[in-house]
Amino acid sequence: MIPFTYYSPTRFIFGNGSVCKVGQQAKAYGATNVLVVYGSFHAERSGLLKKVVDSLALEGIKVLTLGGVKANPVDSLVYKGVQVCKENHIDFILALGGGSVIDTAKGIAMGALDDGELWDFYSRKRMPQKALPVAVVLTIPAAGSEGSGNSVLTQESTLLKRSATGECIRPRFSILDPELTFSLPLYQTACGIVDMMAHIFERYFTKVTSVDLTDEMCEGVLRSIIKAGSTIRDYWNNPNSVEMKEARASLMWAGTVAHVDILGVGREGDWSVHALEHEMSALYDVAHGAGLAITYPHWMRYQMKFKQERFDQLAERVFGVKDGMEGIQKLSDFWTSLGMPTRLSQIPGFKESDIFVMAKKAKRNRPGELGNFHPLNDDQVVEVYRSMI
C-alpha cells in the first residue's frame with residue numbers, strides 16, 4: 001500500500017423522501033441565488049423540478065433554471081451557464097440529474113469565477129482553484145460525480161472528451177433519494193451498473209502490492225452491485241415489490257461508494273479503459289456505460305497474458321470460478337443480460353477506420369503509454385480497439 005491522504009467533505013443525505021430537504025440544506029450552505037441545472041423534460045413533466053424549486057423558494061432562495069443537458073455533455077451549454085451566472089450574480093449551483101448534469105454544473109461553477117478559457121481546466125493547462133459551491137439531487141446512480149472532484153465534458157469543436165479535477169468542485173452536499181430512481185428505464189439502469197463497476201475496476205487493477213483490505217472492499221461492493229442488478233432485472237415486471245425498492249436503494253449508494261475513492265486509497269488506479277471509452281462516446285455519442293460494457297471485457301482478455309493472477313483472484317472472489325478468463329465471460333454475460341452491447345460493430349455508425357482516430361486521440365498517462373496496471377503502447381491501443389470489433 002502506498003501513502004495517501006483521504007478527504008471527502010461532501011455531506012450525503014440518503015433516504016426516501018430526502019429530496020424535500022434540498023432547500024434546507026442549500027440555505028445551511030449559504031445559498032441565496034441558485035442556478036438549478038437539469039437535463040431532459042422528464043424533470044419538468046414528473047414534477048421533480050417544481051418540487052426542488054419550491055423547496056428552495058420556501059427558504060427564501062432565488063432560483064433560475066437551465067435545462068437541456070444531454071448524455072455525454074458538451075462545453076457549449078457550460079459556456080451558456082457561465083454567462084447566466086455572471087449576469088445574474090448566481091452564488092450556488094444545484095445539479096438535478098445524473099453524472100452528465102453534475103459534470104455540467106461543475107463546469108459552470110468553475111467558469112463562473114474565472115475569466116480565462118474554461119477548456120484550460122479540461123486540457124490540464126490550469127487547475128481550478130475556486131468555483132461556485134455545487135450541490136446535487138441525484139436521479140441516476142452511475143457516475144459517482146455526486147461525491148467526486150471531477151467533471152467530464154466533450155469539446156464540440158474537436159470531439160475531445162476530457163476531465164477537469166479540483167477539490168473546489170466537489171459537491172457540498174448530495175441528496176440521494178432512492179425513490180427518484182424507481183422509474184428509471186432498464187437501459188439507463190444497466191448503463192449505471194456498468195459505470196459504477198468500471199469505477200471499481202479502474203482501482204482494482206493496480207500494480208501496488210499489500211492492498212488486501214481495499215481488494216476485499218472492492219470485491220464486496222462488486223458482489224453487492226451484481227446482486228442488486230440481478231434483482232432489478234428479475235423483478236422488472238414487479239416494480240413496486242420490496243425486493244425492487246431495496247435493490248434500487250442499494251444500487252444508489254453503491255454508485256457513490258464506487259467513486260468517492262474510499263476503494264482507491266493506497267493504490268494506483270489504471271484508468272485506461274475510461275480513456276479508451278471516452279473517445280468512443282465522444283465520436284458516436286454512445287452512452288458511457290454501454291461503451292464501457294464493450295471495452296472492459298476485451299481490455300481484460302488482452303491484459304490476462306500479463307497479469308493473470310489478478311484476474312484469477314477477481315474470478316474466484318466475485319464470480320465464484322477459478323479461471324480468470326471464465327470470470328471475464330461471466331462479467332460480460334451479466335452485462336449482456338441487462339441489455340448491454342459487447343462489440344463496436346453494434347454501435348450505429350461505427351467504421352473500422354475510426355479505430356485509428358480513437359487510438360490517436362485517447363488520452364495517454366505518459367507519452368506513448370496508456371494506463372498504469374500494464375501500460376499499453378500505441379500499437380497495443382490499436383490492438384485492443386481491434387479486438388472489440
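Numbers here are sequence positions counted from 1.
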Identify every side-chain donor-acceptor pair in residues 120-130 under 3.5 Å, counting partners at least two apart or on other chains, and give the distances.
{"residue": "Asp120", "atom": "OD2", "partner": "Arg126", "partner atom": "NE", "Å": "3.3"}
{"residue": "Tyr122", "atom": "OH", "partner": "Ser151", "partner atom": "OG", "Å": "2.7"}
{"residue": "Ser123", "atom": "OG", "partner": "Trp119", "partner atom": "O", "Å": "3.2"}
{"residue": "Ser123", "atom": "OG", "partner": "Asp120", "partner atom": "O", "Å": "3.3"}
{"residue": "Arg124", "atom": "NE", "partner": "Ser163", "partner atom": "O", "Å": "2.9"}
{"residue": "Arg124", "atom": "NH2", "partner": "Ser163", "partner atom": "O", "Å": "3.2"}
{"residue": "Arg124", "atom": "NH2", "partner": "Ser163", "partner atom": "OG", "Å": "2.9"}
{"residue": "Arg124", "atom": "NH2", "partner": "Thr165", "partner atom": "OG1", "Å": "3.1"}
{"residue": "Arg126", "atom": "NH1", "partner": "Asp114", "partner atom": "OD1", "Å": "3.0"}
{"residue": "Arg126", "atom": "NH2", "partner": "Asp114", "partner atom": "OD2", "Å": "2.9"}
{"residue": "Arg126", "atom": "NH2", "partner": "Glu117", "partner atom": "O", "Å": "3.1"}
{"residue": "Gln129", "atom": "NE2", "partner": "Met127", "partner atom": "O", "Å": "3.2"}

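Side-chain N/O atoms of Thr256 and Glu146 include a donor and acceptor closer than 3.5 Å. Side chains of Lys80 and Thr104: a donor-acceptor N/O pair is absent below 3.5 angstrom, by distance only. Defined by atom type and a distance below 3.5 Å, a donor-acceptor pair is present between the side-chain atoms of Tyr204 and Gln313. Side chains of Tyr7 and Arg170: a donor-acceptor N/O pair is absent below 3.5 angstrom, by distance only. Looking only at atom types and distance, the side chain of Ser76 has a donor-acceptor partner in the side chain of Glu156 under 3.5 Å away. Defined by atom type and a distance below 3.5 Å, a donor-acceptor pair is missing between the side-chain atoms of Asn72 and Thr154.
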Dump the intermediate steps for side chain to side chain contact (heavy atoms under 4.5 Å, CB included) on Arg203 and Thr214, then the final yes or no. CA-CA 9 Å; Arg203 295 169 168 91; Thr214 43; over 6 Å; no
Start with the C-alpha distance between Phe373 and Phe306, add both sets of side-chain angles, then the distance that settles side chain to side chain contact (heavy atoms under 4.5 Å, CB included), and finish with yes or no. CA-CA 10 Å; Phe373 177 60; Phe306 304 110; over 6 Å; no
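The distance from atom OG1 of Thr32 to atom CD1 of Ile61, rounded to the nearest 0.5 Å, is 8.0 Å. In this structure, the separation between NE2 on His298 and OG1 on Thr342 is 6.0 Å, given to the nearest 0.5 Å. To the nearest 0.5 angstrom, Met244 atom CE is 5.5 Å from Arg248 atom CZ. The distance from the CZ atom of Phe319 to the CZ atom of Arg223 is 11.0 Å, given to the nearest 0.5 Å. To the nearest 0.5 Å, atom OG of residue Ser387 and atom CZ of residue Arg301 are 8.5 Å apart. Here the CG atom belonging to Asn238 is positioned 12.0 Å from the OG1 atom belonging to Thr231, to the nearest 0.5 angstrom.
Close placement of the Tyr296 and Phe201 rings is indicated, their centers lying within 6.0 Å of each other. The aromatic ring centroids of Phe205 and Phe311 lie less than 6.0 Å from each other.
Salt bridge status for Lys322 with Glu316: present, with a side-chain N to carboxylate O gap under 4.0 Å. By the 4.0 Å N-to-carboxylate-O rule, Asp91 lies too far from Lys62 to be salt-bridged with it. Checked for salt-bridge contact, Glu44 and Lys51 miss the test: no charged N lies under 4.0 Å from a carboxylate O. In summary, Arg386 and Glu352 engage in a salt bridge, as defined by a charged side-chain N under 4.0 Å from a carboxylate O. Note on Arg267 versus Asp215: salt bridge recorded, some NZ/NE/NH1/NH2 to OD/OE distance being below 4.0 Å. The pair Asp177-Lys21 fails the salt-bridge criterion, with no side-chain N (NZ, NE, NH1 or NH2) lying under 4.0 Å from an Asp/Glu carboxylate O.
Here the options are Val53, Leu94, Val37, the test is side-chain contact (heavy atoms from CB on, under 4.5 Å), and the partner is Thr65; only Val53 passes. Under the salt bridge (Lys or Arg N to Asp or Glu O under 4.0 Å) test applied with Glu279, the options Lys161, Lys363, Lys360, Arg162 reduce to a single match, Arg162.
Atom CZ of Arg343 has more than 12 heavy atoms from other residues, nucleotides or ligands within 6.0 Å. Within a 6.0 Å sphere centred on OH of Tyr235, heavy atoms belonging to other residues, nucleotides or ligands number 12 at most. Within 6.0 Å of atom OH in Tyr6, more than 12 heavy atoms from other residues, nucleotides or ligands are found, so the atom counts as buried in its surroundings. More than 12 heavy atoms of other shown residues, nucleotides or ligands fall within 6.0 angstrom of atom NZ in Lys361.
Among all heavy-atom pairs drawn from Gly229 and Leu338, the shortest one is O-CD2, 3.9 Å. Pairing each heavy atom of Pro348 with each of Tyr284, the nearest pair is O-CD2, 4.2 Å. The nearest pair of heavy atoms linking Gly98 to Thr139 is N-OG1, 3.7 Å.
Note on Ile294 and Met196: same hydrophobic cluster, where clusters join Ile, Leu, Val, Met, Phe, Trp and Tyr whose side-chain heavy atoms are under 4.5 Å apart, directly or indirectly.
Side-chain atoms of Ser145 never come within 3.5 Å of backbone atoms of Gly99 as a donor-acceptor pair (strictly under, hydrogens ignored). In this structure, the side chain of Asn377 does not engage the main chain of Gly368 through any donor-acceptor pair within 3.5 Å.
In this structure Gln24 satisfies the side-chain hydrogen bond (donor to acceptor under 3.5 Å, both in side chains) test with no other residue, sequence neighbours excluded.
You'll find the side chain of Ser230 reaches within 4.5 Å of the side chain of Phe334, heavy atoms only.
Note: His274 and His199 have parallel aromatic rings, judged against thresholds of 30 and 60 degrees for the angle between ring planes.
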